[in-house]
Amino acid sequence: MSRLRHQHVRVRFILAAVAVASYFAGPALAATAEQQCQQSRYTAGSKYAACQQKAAAKFYGGGLSPVFEKAAAKCTLKYVGVWARLQAKAAGTGSSCDNPRLGDNGDGTVVDRLTGLTWEQKTNLDAVVNLLDPHDGDNQYYWGAFGPADGDAYTSFLPALNGACFGGQCDWRLPTLLELQTVAALPCAASPCIDATLGPTSPNRYWTGTTVTTAIPDAWAVEFNMGVPNTHGKNFFNYVRAVHGGL
């Protein structure tokens with residue numbers, strides 16, 4: 001075979017190889033609608049966490065509580081406002097973003113497609129406490145005796161859910177401060193400031209699992225009368241709503 005012909009065959013082989021590689025690599029390089037949805041979710045979540053960290057600095061830096069509350073609310077508003085844009089962009093694609101943000105799973109749980117969290121749905125807010133039913137909206141629990149997480153929120157409420165593997169999950173917990181703020185309907189137009197999909201909600205404080213500092217016997221809570229975060233002594237009784245998954 002002449003040298004020229006040999007080079008010609010080699011070039012044809014290389015071009016064929018490139019064509020085959022492009023055929024298989026092309027679909028892999030193009031992000032699907034679901035991948036785009038998830039990437040946008042993670043990006044928004046990361047920005048939300050960074051924003052809330054800056055807001056927390058206003059509290060831990062000795063700033064006034066209203067200043068912190070305003071900054072935290074601004075972070076939450078910006079974050080939850082992302083969903084409308086993601087939903088509009090995903091219209092007709094069938095991806096996770098092509099749905100309402102909150103979805104009733106029909107088993108006493110609610111999925112939040114923005115945060116990826118699954119929430120316990122409350123029932124029976126009728127001014128009658130029923131501690132035998134952990135989902136009763138009237139029940140209140142205390143966080144702990146000033147320090148450790150040893151109150152009945154941890155020794156009674158959560159074990160009742162996890163012991164029964166409620167909703168098919170056995171790792172229910174109290175939400176973090178950042179997580180619980182995401183279900184506050186802001187700006188608050190009517191009390192309680194929360195979507196009705198999550199079930200009956202008292203317009204009062206709900207515990208988070210976030211401690212203020214190890215030196216202060218307080219934990220963070222969110223008050224759904226106005227949808228703002230505040231601190232409360234761990235030995236006080238407040239409402240609770242469990243969550244599963246991670247932001």
Side-chain angles (χ1 to χ4, degrees), residues 76 80 99-145 149-210 219-247:
T76 303
V80 299
N99 287 283
R101 180 188 157 196
L102 297 179
D104 189 335
N105 292 324
D107 59 357
T109 68
V110 175
V111 63
D112 186 335
R113 296 185 178 93
L114 172 63
T115 64
L117 297 167
T118 299
W119 293 92
E120 174 208 6
Q121 197 174 46
K122 288 299 183 182
T123 60
N124 304 324
L125 189 66
D126 55 6
V128 179
V129 173
N130 181 10
L131 293 177
L132 295 178
D133 177 10
H135 311 299
D136 193 296
D138 298 288
N139 297 345
Q140 295 185 62
Y141 304 84
Y142 74 99
W143 205 98
D150 57 3
D152 57 359
Y154 291 95
T155 62
S156 176
F157 170 65
L158 292 177
L161 299 184
N162 291 323
C165 289
F166 169 62
Q169 303 295 336
C170 309
D171 57 350
W172 293 93
R173 57 183 174 78
L174 294 189
T176 66
L177 175 60
L178 268 65
E179 291 170 341
L180 190 55
Q181 288 180 92
T182 64
V183 294
L186 300 175
C188 186
S191 179
C193 312
I194 195 169
D195 193 292
T197 308
L198 289 158
T201 301
S202 172
N204 290 293
R205 290 189 184 95
Y206 279 71
W207 280 128
T208 77
T210 305
W220 284 101
V222 173
E223 187 172 343
F224 283 91
N225 181 40
M226 299 177 63
V228 298
N230 52 43
T231 64
H232 212 198
K234 293 177 180 178
N235 60 326
F236 283 89
F237 284 81
N238 286 317
Y239 297 90
V240 291
R241 185 187 301 275
V243 72
H244 159 76
L247 177 61

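Any value given below was found using the heavy atoms of this structure, including those in side chains, with hydrogens, waters and symmetry copies removed.
Residue pairs meeting the salt bridge (charged side-chain N to carboxylate O under 4.0 Å, His left out) criterion with at least one partner in residues 150-165, sequence neighbours excluded, are absent.
Closest heavy-atom contact between S202 and L125: N-CD2, 4.0 Å. The two residues V110 and Q121 come nearest to each other via the heavy atoms CG2-NE2, 3.7 Å. Across N105 and T118, no two heavy atoms sit closer than the pair ND2-CG2, 4.1 Å. When every heavy atom of R205 is checked against every heavy atom of T231, the shortest pair comes out as NE-O, 4.4 Å. Nearest heavy atom pair, residue P134 against residue F157, reads O-CE1, 3.3 Å.
Rounding to the nearest 0.5 angstrom, the gap separating the CG atom in L178 from the OG1 atom in T208 is 9.5 Å. Rounded to the nearest 0.5 angstrom, W220 CH2 and T210 OG1 are separated by 9.5 Å. Remark: F236 CZ to Y142 OH distance equals 13.5 Å, nearest 0.5 Å. D112 CG to L198 CG: the interatomic distance, rounded to the nearest 0.5 Å, is 8.0 Å. In this structure, the separation between CG on N139 and CG on N238 is 13.0 Å, given to the nearest 0.5 Å. Here the OG1-CG distance, from T109 to L117, works out to 12.0 Å after rounding to the nearest 0.5 Å.
Each of Q169, H244, H135, R241 was compared with E120 under the side chain to side chain donor-acceptor pair (under 3.5 Å) criterion, and only H135 meets it. For the side-chain contact (heavy atoms from CB on, under 4.5 Å) criterion with D126, the lone passing option out of V128, N130, T123 is V128. Evaluated for a side-chain contact (heavy atoms from CB on, under 4.5 Å) with D138, the options V129, L131, D133 yield exactly one hit, V129.
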* Please lay out, stage by stage, how T197 and D104 fare under the test side-chain hydrogen bond (donor to acceptor under 3.5 Å, both in side chains). => CA-CA 7 Å; T197 308; D104 189 335; over 6 Å; no

* Checking side-chain contact (heavy atoms from CB on, under 4.5 Å) for the pair L174/V240: CA distance, chi angles, key distance, verdict? -> CA-CA 7 Å; L174 294 189; V240 291; 4.1 Å; yes

* Can Q181 and L186 be said to form a side-chain contact (heavy atoms from CB on, under 4.5 Å), step by step? -> CA-CA 9 Å; Q181 288 180 92; L186 300 175; over 6 Å; no

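Of the possible donor and acceptor atoms, none in the side chain of S191 sits under 3.5 Å from a partner among the backbone N and O of P203. Side-chain atoms of N225 never come within 3.5 Å of backbone atoms of N204 as a donor-acceptor pair (strictly under, hydrogens ignored). Using modelled atom types, one side-chain atom of R173 and one backbone atom of G245 make a donor-acceptor pair closer than 3.5 Å. With T155 contributing its side chain and A153 its backbone, the two residues share no donor-acceptor pair below 3.5 Å.
Listed by chain and residue number, nothing satisfies the salt bridge (Lys or Arg N to Asp or Glu O under 4.0 Å) test with E223 (two or more places apart in sequence, or in another chain). A219 pairs by the side chain to side chain contact (heavy atoms under 4.5 Å, CB included) definition with W143, W207, K234, not counting sequence neighbours.
Using the six-membered ring where Trp is involved, F224 and Y206 have ring planes that are perpendicular, over 60° apart on the 30 and 60° scheme.
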